[in-house]
Amino acid sequence: MSGVPHEISIGGVYMPPLLVAGLLALIATVVTTHLLNRYRLSRYFYKPALVFIALVTIYTIVIETFILRI
Amino acid sequence: MIATGGRKHQMPAESALNESIFVLSAHAKHAIRAAVAVVIAYGIALYMDWGNPVWSGYTAASITLDITGQSIQKGLNRISGAICGSLVGFVLLAFFIQDRWLFFTFLSIYLAISVYLSMGTEKYNYFWQQAGFFAVVVGLSTAFTPNNAFGIAVERVQGASTGLLVVSIVGLVLWPSSSRGSLMESLRQLVSGLQKLFQKETAEIQVLGDTGGLQEFGTQLVSLQTRFNSLLDAAEVDSWEVDEMRHAWRRCQAQIADLINTMEQCSQDFYTLRDLDLEEFVANLTEFNEEIDARFTQVARMLAGDAPEKDPLPITPRLDGPAVNTLPHFDRAALTVALEYLEHLEKVTGALFASVREIMDFGAAASAPPRAKTPFIVDRDRLEQALRVTASAWLAFLVIIYVPGVPGELGAAALITRIVVADTKFAWIPIPSFIFPIVVSLLFAFPIYVFLMPMMSSFVELALLLFAVVFLVHYHFREPKQMLMRVMLVFLFLSVADIKNVQEYDFMQFANTGLKWSLLIVLLTMTEYFPVSQQPDHVFLRMLGRFFRGCEGLTASLEWAPDRGSSLRSRWKKRFHAHEVSTLPGKLATWGRYIQPSARGGTKPEQLQSLATSLQTLAFRAEELTRARSFQQSPILVGHLLDDMRRWRISLQEIFARLAEQPQAEEAAALQTRLSALLARLETRIKDTLDEAEPGEYSAAESKNMYRLLGAQRGLSEALVDFVNHAQGIDWSRLAEERF
């Protein structure tokens, strides 16, 4: 992780890393929750709405740290 | 001969082919009108060199409806909403331009209020939506610079006015259609439907003991009624004949709504009397039915343009005393309630006859009944939607503030807020359903913007492109259920194209639009769960719990206490519970349709609809009981029956409280036995009380009121058992499972 702020370039379009990480995190969360719903595993969670937000946050941090390497 | 004969046979086929080519369908005409309006609106905006011609073009596309009056009505709502919202935006900027947090706090409060009001009536829905949109546009799109704010507000109102003007002129020139003809046709269909429903009710329920077909028929009438209401709003704008008679038309509208409601309640009530031969107990039932049927016939005759052959004859259904005295008390009570509905039916059909006679100019004006005041009642679902919009607006605002470089910045927050406000009208549609139309719209707009538009060099070419796109979209996605796709395609195409006099082509324009809409989906997805879940299965269960808590509260308000209902708080609570009970069954039916199969488990969609219908019956019965309770009762009868009535009431309250927590808590057979035992005990007490009563201890009116109350009690008990029967087939454990 470098301390210098930088942007992500996708096809010449510069975007804030947090936005890209947030979008990818949301897609990952939707896929995860869809699978949890499909296999009826979501019933084991208390307040899935909060779990959803927690998952988005976790995925955002993971994607930022390990994939985008900000 | 053969050749001649062959040619002779070909003639009709050729003419049919010509007809099919040259006679345009109503959908094609509508699509052409929309396309021409968009082209002209763009032409004017570009000629005048306005900064954002897209506002004129999009207004023209969004307000073009099948009937000119409807378009004008929608356009007027758009302009008046724009002015109102702009003014609020100016005021907020004037007060809080130095403090963005205070500014956004007050803007979100105003947004919540406009969303709450927009969900109140269909007529003013668009006005309040626009009033919310424009405050956001003026406040956010201008990025807190007052000079921009005024310019943007003026340009947008200018754009909306141009769009309205163009649509009105196009509507008058291209296949003009006045709303009056459609309104008259719609009223004819409604009257004919009501007559058939009445005939079916009098025939089928008593003979066959069946209400199944009637429910379906009633649903068709409600959809006809919705169309009639919308056409009446439009006809007041584009037809001076309707505008001149608007008071009579509005009375007629209220009478139609009253008749549909009364007939629905009547059908449920007759169903409880299916084991009795009503003709034996209602002395003049045949004459009564004939008179009501004749009234409908005369109304239909007037609507066809012919003078009525006869005026309504006043007729009151009356019970056959000796025959009725042989019946058990609860059957007498049910008959009293049924008779009350028939009397109301007689009154309303007479009033409808008078209104139609006035509208068609066949007689003197009917006297207008005083308008009933509707007290203000808080609607929790509208509050929830207002809360959701506020949460989405705040989320968007915080993202713009704390995430640097979000495309569009405050403009993106404005777009997101506007779309969330629009989404409140279809809150039950899951957010993933939006993803497909958005992606398709962007993919549709991209090649046109990147490859086709740069090749154009004149307005004629642009006009042809606009015409083709708008025509294709409006023609292909013409069904009401395809509205989302139609709106998205046109809006996103016009946004991406961003047509201006000095046209620039930039991939960033497309990429930024795509990113703004992605951000929109992210925030909408989050607010679907937070702060209040909008998942249809969660909403369904929440509403069901509220319905039974409302029933419990309403039943508790029936208590026989000296100071019952005297305080402002208790009156307000009673009104709130009554509002919840009467409105929730319809909402449950709507949300029930959108529950995902994974949440339904083994439950079929039809079972959920039947459940909603049984709740509607329960709501009618609760309303009937509240009304019956408001009449004066004999102190002597009440004194004797008080303990048993209290026992029944408390028992019912306990059942409702259990159902509010667990809809499957009761078992139908056990409940039936329990309630029957309570009612049987009550009936015995009535018999003893009446046997012991001295002549003159209670009046005939008090006796009738007591029967009315007992009839309502029995009706409510039966409706409750009916609900429990329907509830047994539902997979409640699956529905209540925690789910994302």
Side-chain angles (χ1 to χ4, degrees), chain A, chain B residues 388 391 395-396 398-409 412 430-432 435 439 446 450 506-535 537-538 596-599 601 731 733-740:
Chain A
M1 186 188 291
S2 75
V4 183
H6 65 271
E7 289 181 317
I8 306 288
S9 169
I10 299 174
V13 180
Y14 289 93
M15 280 177 284
L18 190 58
L19 186 68
V20 177
L23 283 177
L24 292 176
L26 186 88
I27 294 167
T29 309
V30 168
V31 171
T32 310
T33 52
H34 181 77
L35 289 173
L36 287 170
N37 273 347
R38 186 173 172 181
Y39 295 106
R40 295 183 69 190
L41 296 169
S42 46
R43 61 193 155 140
Y44 298 114
F45 289 100
Y46 176 72
K47 295 286 173 197
L50 293 177
V51 177
F52 184 90
I53 291 172
L55 277 176
V56 173
T57 313
I58 293 165
Y59 273 129
T60 307
I61 294 167
V62 168
I63 290 168
E64 269 200 338
T65 312
F66 297 108
I67 299 174
L68 301 179
R69 294 178 185 280
I70 299 166
Chain B
R388 183 185 178 208
L395 264 176
L398 293 173
V399 167
I400 302 300
I401 299 280
Y402 291 110
V403 179
V406 173
E409 298 192 331
I431 296 304
I435 296 174
V439 172
F446 181 72
V450 172
D506 188 352
F507 177 71
M508 284 294 283
Q509 162 74 9
F510 175 76
N512 281 344
T513 308
L515 277 173
K516 272 194 266 185
W517 283 82
S518 308
L519 188 61
L520 168 80
I521 293 291
V522 172
L523 296 184
L524 275 181
T525 309
M526 292 183 91
T527 53
E528 194 166 58
Y529 294 101
F530 196 78
V532 181
S533 172
Q534 298 294 318
Q535 299 285 87
D537 45 325
H538 294 172
Q596 298 295 313
S598 59
D731 191 349
S733 60
R734 190 68 180 266
L735 203 59
E737 246 176 34
E738 290 290 1
R739 196 172 292 102
F740 285 102

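Both backbone and side-chain heavy atoms feed into the values below; hydrogens, waters and symmetry mates do not. Just so it is clear, the model here is predicted, and its values are computed rather than measured.
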- Message: Looking only at heavy atoms and a cut-off of under 4.5 Å, which of A:N37, A:L36, A:L26, A:L23 has the most pairs with chain B?
- Response: A:N37
- Output the distance between atom CD (B:E737) and atom CZ (A:F45), rounded to the nearest 0.5 Å. 13.0 Å
- When only pairs under 4.5 Å are counted, which of B:H538, B:R739, B:Q535 shares the most heavy-atom pairs with chain A? B:R739
- Query: Hey, which residues of residues 51-61 of chain A are touching chain B, say heavy atoms under 4.5 Å apart?
  - Reply: A:V51, A:F52, A:I53
Which pairs of donor and acceptor atoms, one on a side chain in residues 398-406 of chain B, lie under 3.5 Å apart (sequence neighbours left out)?
none

- Query: Relative to chain B, which segment of A:R40 carries a heavy atom at a distance below 4.5 Å: side chain, backbone, both, or neither?
  - Reply: side chain
